[in-house]
Amino acid sequence: MKTFMTAKLPLFLLLAVGPLTARAETIHLEAERMTFVLPDGWVEIPEEIRIQRMAEIEKSLAKPKTLKYTHVFQPSNVDWFSYPYIIVEPQNERRFSEAELHTIPAVDLSKMGDRAKEYDPKVLSSVSIGKLVYDPVSRKAWTQSKITANGLNVEALMMMQITQLGAINFGFYQTAEQFEEWFPVFMKIATSVTPDPEIAYRPD
């Protein structure tokens with residue numbers, strides 16, 4: 001599973017098919033107009049704690065950056081912002097054209113890791129971002145990244161759900177030690193993400 005980005009897209013989607021857990025909860029984000037399924041026992045971090053944490057991060061950055069996370073989800077039995085967790089971030093500046101979507105696999109992300117480190121060089125010692133994969137059926141774009149932050153190795157699955165308004169980014173974060181347990185679960189959550197019909201992407 002660690003090398004799924006080099007495999008053909010239908011294969012890794014096939015590997016993600018199946019029930020999420022014996023018990024799961026369907027979540028609908030009203031502002032983002034998205035529905036997805038979370039494992040039983042997961043909760044949303046309270047808004048005031050999320051906002052406070054974003055403000056703390058923004059204040060500590062070496063370069064100005066505004067964080068736009070609208071939701072963060074994690075297991076209920078750990079401290080807030082402990083791994084694993086899921087971040088939701090709308091990116092609705094504009095609608096992507098069909099032609100633009102088909103160029104997604106050609107986007108070079110190799111330098112984005114270095115740019116990310118510039119924002120927080122005291123915390124981030126390495127950031128490696130994999131190639132983008134685009135599925136024209138589900139209108140999802142995928143990539144993986146590996147991050148070393150404060151000496152901790154973190155692996156992230158990033159999924160961008162394309163809509164008529166732009167996109168909603170979902171970031172799934174886990175430590176390297178948690179990868180085998182949580183990556184298959186994150187894949188199932190990500191593939192369950194469904195836009196409401198009125199914002200589902202329609203061809204040009």
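All figures in this text were calculated on a predicted structure; none of them were measured in a lab. Counting begins at 1 with the first residue of the sequence. Note that these values count all heavy atoms, side chains included, but never hydrogens, waters or copies made by symmetry.
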>> Has Gln161 got a side-chain atom pairing as donor or acceptor with Ser138's backbone, closer than 3.5 angstrom?
In response: yes
> Any donor-acceptor pair under 3.5 Å linking the side chain of Gln178 with the backbone of Tyr83?
Replying inline: yes
> With sequence neighbours left out, what residues match Glu177 under side chain to side chain donor-acceptor pair (under 3.5 Å)?
Replying inline: none
> When rounded to the nearest 0.5 angstrom, what is the spacing between CG in Leu165 and CD1 in Ile199?
Replying inline: 5.5 Å
>> If you define the side chain from C-beta out and look only at heavy atoms, does anything of Glu89 sit under 4.5 Å from Thr70?
In response: no
> Can you name the nearest heavy-atom pair linking Tyr134 to Arg139, along with the distance?
Replying inline: OH-NH1, 3.0 Å
> Is there a donor-acceptor contact under 3.5 Å from the side chain of Thr191 to the main chain of Met187?
Replying inline: yes
> Are Glu198 and Arg33 side-chain neighbours, meaning at least one heavy-atom pair lies under 4.5 Å?
Replying inline: yes
>> side-chain contact (heavy atoms from CB on, under 4.5 Å) for Thr35 and Val193? Distances and angles first, verdict last.
In response: CA-CA 6 Å; Thr35 299; Val193 173; over 6 Å; no
> Side chains of Leu101 and Pro136: does their closest heavy-atom pair fall under 4.5 Å?
Replying inline: no
>> If you define the side chain from C-beta out and look only at heavy atoms, does anything of Leu132 sit under 4.5 Å from Pro105?
In response: no
> Would you say the side-chain atoms of Glu155 pair up with the backbone N or O of Tyr173, donor to acceptor, closer than 3.5 Å?
Replying inline: no
> Thr163 and Arg95: which non-hydrogen atoms are nearest, and at how many Å?
Replying inline: O-CG, 4.4 Å
When the side chains of residues 62-69 are checked against the rest of the protein, which donor-acceptor pairs come out under 3.5 Å, sequence neighbours left out?
from: Lys63; atom 1: NZ; to: Glu118; atom 2: OE1; distance (Å): 3.2

> What's the shortest heavy-atom distance between Met160 and Ala167, and which atoms?
Replying inline: CG-CB, 3.4 Å
> What about Val78 and Trp182, same hydrophobic cluster or not, with Ile/Leu/Val/Met/Phe/Trp/Tyr joined at side-chain heavy-atom distances under 4.5 Å?
Replying inline: no
> Any side-chain heavy atom of Phe170 within less than 4.5 Å of one from Ile189?
Replying inline: no
> salt bridge (Lys or Arg N to Asp or Glu O under 4.0 Å) with Glu100: which residues, sequence neighbours excluded?
Replying inline: Arg94
> So does Lys59 pair up with Glu56, basic N to acidic O under 4.0 Å?
Replying inline: no
>> When you measure from the side chain of Ser192 to the backbone of Val37, do you find a donor-acceptor pair of N or O atoms at a distance under 3.5 Å?
In response: yes
> With a 4.0 Å cut-off, would you call Arg53 and Glu47 a salt bridge?
Replying inline: no
>> Looking only at the aromatic ring of each residue, does the gap between the centers of Phe73 and Phe36 stay below 6.0 angstrom?
In response: yes
> Are the side chain of Tyr201 and the backbone of Glu98 linked by a donor-acceptor contact shorter than 3.5 Å?
Replying inline: yes
> Under a 4.5 Å side-chain heavy-atom rule over Ile, Leu, Val, Met, Phe, Trp and Tyr, are Met54 and Trp80 clustered together?
Replying inline: yes
> With no hydrogens and no angle check, is any side-chain donor or acceptor of Ser145 less than 3.5 Å from a backbone partner on Ser128?
Replying inline: no
>> Is there a side-chain contact between Leu29 and His71 in this structure, where contact means two heavy atoms from C-beta onward sitting under 4.5 Å apart?
In response: yes
> Is the side chain of Glu25 donor-acceptor paired with the backbone N or O of Gly41 at a distance under 3.5 Å, no angle test?
Replying inline: no
>> Nearest 0.5 angstrom please: Asp135 CG to Lys140 NZ, how far?
In response: 8.0 Å
>> Could you check whether any side-chain heavy atom of Asp79 comes within less than 4.5 Å of a side-chain heavy atom of Phe81, counting everything from C-beta outward?
In response: no
> Which value, rounded to the nearest 0.5 Å, describes the distance between Leu38 atom CG and Ile86 atom CD1?
Replying inline: 5.5 Å
>> Go through it in stages, so that I can follow the logic: the residues are Leu152 and Thr175, the test is side-chain contact (heavy atoms from CB on, under 4.5 Å), and I'd like the CA-CA distance, side-chain angles, deciding distance and then a yes or no.
In response: CA-CA 7 Å; Leu152 183 66; Thr175 66; 4.0 Å; yes
>> Any heavy-atom pair between the side chains of Ile45 and Gln74 that's under 4.5 Å?
In response: yes
>> Counting only heavy atoms not in Glu30 (residues, nucleotides, ligands), do more than 12 fall under 6.0 Å from its CD?
In response: no
>> Let me confirm one number: the CD1-CD distance from Ile168 to Glu32, rounded to the nearest 0.5 Å.
In response: 5.5 Å
> Is the Phe172 ring parallel, tilted or perpendicular to the Phe186 ring (thresholds 30°, 60°)?
Replying inline: tilted
> Of the non-hydrogen atoms in Pro84 and Pro75, which two are nearest, and what is the gap between them?
Replying inline: O-CD, 3.3 Å
>> Under the criterion side-chain contact (heavy atoms from CB on, under 4.5 Å), I'd like the reasoning laid out for Lys146 against Val127: C-alpha separation, chi angles, the key distance, then a yes or no.
In response: CA-CA 6 Å; Lys146 295 186 177 183; Val127 180; over 6 Å; no
